[in-house]
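Notes follow once the structure below has been shown.
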Amino acid sequence: SDHTLVYPASPSAMDWSPHYPAFVDEDSSQEAAGPPRLRKDVEIVDIGCGFGGLLVALAPLFPETLMLGMEIRTSVTEFVQERIWALRNKSDGKQYQNAACVRANSMKFLPNFFRKAQLGKIFICFPDPHFKARKHKARIVSTTLNSEYAYALRPGGVVYTITDVQALHEWMVRHFDAHPSFERVPRDEEQADPCVAVMTRETEEGKKVERNQGQKFVALFRRLEDPPW
Ligand code: SAM
């Protein structure tokens, strides 16, 4: 459970160097205070990344963008880490340096990992549906959590959602539509976004739905500019 989770006290305290060794800023290692710094910040997050299919498919598409999977299950996190290390080795260290996975409860510690407006994309792919009404508070999309996603996303950034559960899709749309920081991305833009094709086809859960000939419901939400004071 959560008391075994390790998370940084603040984004600047997070040591990303073991996760993205190829992106360590060599000049920063001389600095006395704080962990080694990277040349870039994480900009894409996959919430509840599962076995890492999305990361592994996206990493070569955006080789200069750092992406992070957050996964609460220890064994699954380790699987994804090993999967990424193996892919790095196989490519002689040339590819997959921009992908990593940490064990984290994204419902609790997101602001410990990311500064305000740091992220450009957040993926929420096939989240656990928590069907029963008394379990709805465990859903990864809610009014409170949407405010955390709004905090971490820069204006113009996008939250990508996909699910095979229609009631959950409607729940996510309802909660993002009601949130003042988000607007739904129109269908034509959604279709033209290469990440949508990846998210629809490449996650493990998406493949399972495909095999079972289930439906997939996609919705994207853009982070709006904050209104002037
Ligand atoms: N996104 C993957 C996919 O599409 O194949 C996995 C989908 S799976 C149904 C949901 C995943 O979210 C599980 O791996 C679960 O352990 C993870 N998860 C659930 N709650 C979480 C939380 N609070 N923080 C991080 N991960 C979580």
Side-chain angles (χ1 to χ4, degrees), residues 41-50 53-55 57-58 61-62 65 67-70 106-108 110-111 113-131 133 135-210 213-229:
D41 290 327
V42 172
E43 286 183 58
I44 300 180
V45 168
D46 184 7
I47 301 240
C49 68
L54 181 81
L55 290 171
L58 280 185
L61 290 185
F62 302 98
T65 305
M67 48 191 75
L68 183 74
M70 302 183 100
S106 65
M107 293 175 82
K108 290 197 174 169
L110 219 54
F113 286 92
F114 311 112
R115 285 179 287 103
K116 182 174 165 58
Q118 178 175 335
L119 303 178
K121 299 179 199 296
I122 295 177
F123 288 89
I124 302 176
C125 299
F126 301 96
D128 295 325
H130 299 292
F131 287 107
K135 290 265 186 175
H136 285 175
K137 59 181 183 300
R139 285 181 167 169
I140 216 113
V141 165
S142 66
T143 307
T144 316
L145 287 171
N146 287 2
S147 291
E148 293 208 354
Y149 304 142
Y151 171 85
L153 266 182
R154 61 175 173 249
V158 174
V159 177
Y160 293 74
T161 72
I162 184 167
T163 175
D164 57 325
V165 179
Q166 186 164 5
L168 179 60
H169 168 69
E170 286 162 4
W171 164 283
M172 294 196 285
V173 170
R174 186 149 36 87
H175 282 81
F176 276 109
D177 274 349
H179 198 289
S181 298
F182 291 98
E183 67 175 10
R184 181 102 185 244
V185 173
R187 200 78 186 153
D188 53 333
E189 271 179 61
E190 182 182 301
Q191 297 299 310
D193 188 325
C195 294
V196 170
V198 173
M199 151 176 107
T200 307
R201 292 195 205 112
E202 303 291 346
T203 82
E204 280 69 23
E205 213 44 50
K207 287 180 180 162
K208 202 194 287 178
V209 175
E210 194 93 38
Q213 299 179 348
Q215 264 186 292
K216 295 176 193 173
F217 302 93
V218 172
L220 275 50
F221 304 92
R222 183 172 291 113
R223 171 71 162 96
L224 299 166
E225 296 277 354
D226 290 323
W229 289 104

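The model shown is predicted, which means the values in this text are computed figures rather than measured ones.
The CD atom of Q118 sits 9.5 Å away from the CZ atom of R154 when rounded to the nearest 0.5 Å. In this structure, CD1 on I140 lies 12.5 Å from OG1 on T161, to the nearest 0.5 angstrom. Residue H175 holds its NE2 atom at 8.5 Å from OG1 of T144, rounded to the nearest 0.5 Å. The line from CZ of R174 to OG1 of T143 is 9.5 Å long, rounded to the nearest 0.5 Å. If you take CG on L55 and CG on D46, they are separated by 5.0 Å, rounding to the nearest 0.5 Å.
Inter-residue side-chain proximity for L58 and F123 is flagged as met; some heavy-atom pair is nearer than 4.5 Å. Between R139 and L168 the shortest side-chain heavy-atom distance falls below 4.5 Å. Considering only heavy atoms from C-beta on, K137 stays 4.5 Å or farther from S142 through its side chain. The shortest distance between side-chain heavy atoms of M67 and K121 does not fall below 4.5 Å. Here the side chains of F221 and N146 are not in contact, with every heavy-atom distance at 4.5 Å or above.
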Run the side chain to side chain contact (heavy atoms under 4.5 Å, CB included) test on R223 and Y149 for me, step by step, so that the C-alpha distance in whole Å, both residues' side-chain angles and the decisive distance to 0.1 Å come before the verdict. CA-CA 9 Å; R223 171 71 162 96; Y149 304 142; over 6 Å; no

Applying side chain to side chain contact (heavy atoms under 4.5 Å, CB included), run through F217 and V173 and close with a yes or a no. CA-CA 10 Å; F217 302 93; V173 170; over 6 Å; no

Could you go through the side chain to side chain contact (heavy atoms under 4.5 Å, CB included) check for I47 and L110 one step at a time? CA-CA 10 Å; I47 301 240; L110 219 54; 4.2 Å; yes

Using the rule given for side chain to side chain contact (heavy atoms under 4.5 Å, CB included), can you reason through V165 versus W171, listing the C-alpha separation, both sets of side-chain angles and the distance that settles it, and then say yes or no? CA-CA 10 Å; V165 179; W171 164 283; over 6 Å; no

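Taking all atoms of both residues into account, the shortest heavy-atom contact from L54 to T203 is CB-CG2, 4.0 Å. Pairing each heavy atom of S106 with each of M70, the nearest pair is CB-SD, 4.3 Å. Closest non-hydrogen pair, M172 versus P127, comes out as SD-CG, 4.2 Å. Residue A219 comes nearest to H169 through the heavy atom pair CB-CE1, 3.8 Å, listed as atom of the first residue, atom of the second, then distance. The two residues R187 and V218 have their closest heavy-atom pair at NH1-O, 3.8 Å. Here the shortest heavy-atom pairing between E148 and P111 reads OE1-CD, 3.4 Å.
When each of V45, V158, I122, L224 is tested with L153 by the rule side chain to side chain contact (heavy atoms under 4.5 Å, CB included), just one qualifies, namely I122.
Counting only distance, with no hydrogens or angles, the side chain of E204 and the backbone of G53 share a donor-acceptor pair below 3.5 Å. A donor-acceptor pair is defined here as one N or O able to donate and one able to accept, closer than 3.5 Å; such a pair exists between the side chain of H136 and the backbone of F131.
Every residue was checked against the ring-ring contact (aromatic ring centres under 6.0 Å, His included) condition with Y151, not counting sequence neighbours, and none meets it.
Listed by first and then second residue, the ring-ring contact (aromatic ring centres under 6.0 Å, His included) pairs that reach into residues 178-203 are F176-F182, H179-F182, sequence neighbours excluded.
In the displayed structure, K135 atom NZ is contacted under 6.0 Å by at most 12 heavy atoms of other residues, nucleotides or ligands.
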Please tabulate, for the side chains in residues 192-202, all donor-acceptor contacts under 3.5 angstrom to protein atoms that are two or more places apart in sequence or on a different chain.
unit_1, atom_1, unit_2, atom_2, d
D193, OD1, C195, N, 2.8
D193, OD2, Y160, OH, 2.6
T200, OG1, V196, O, 2.5

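Salt bridge annotation for K207-E210: absent, with no cationic side-chain nitrogen under 4.0 angstrom from a carboxylate oxygen. A salt bridge links D41 to R115: at least one charged side-chain nitrogen sits closer than 4.0 Å to a carboxylate oxygen.
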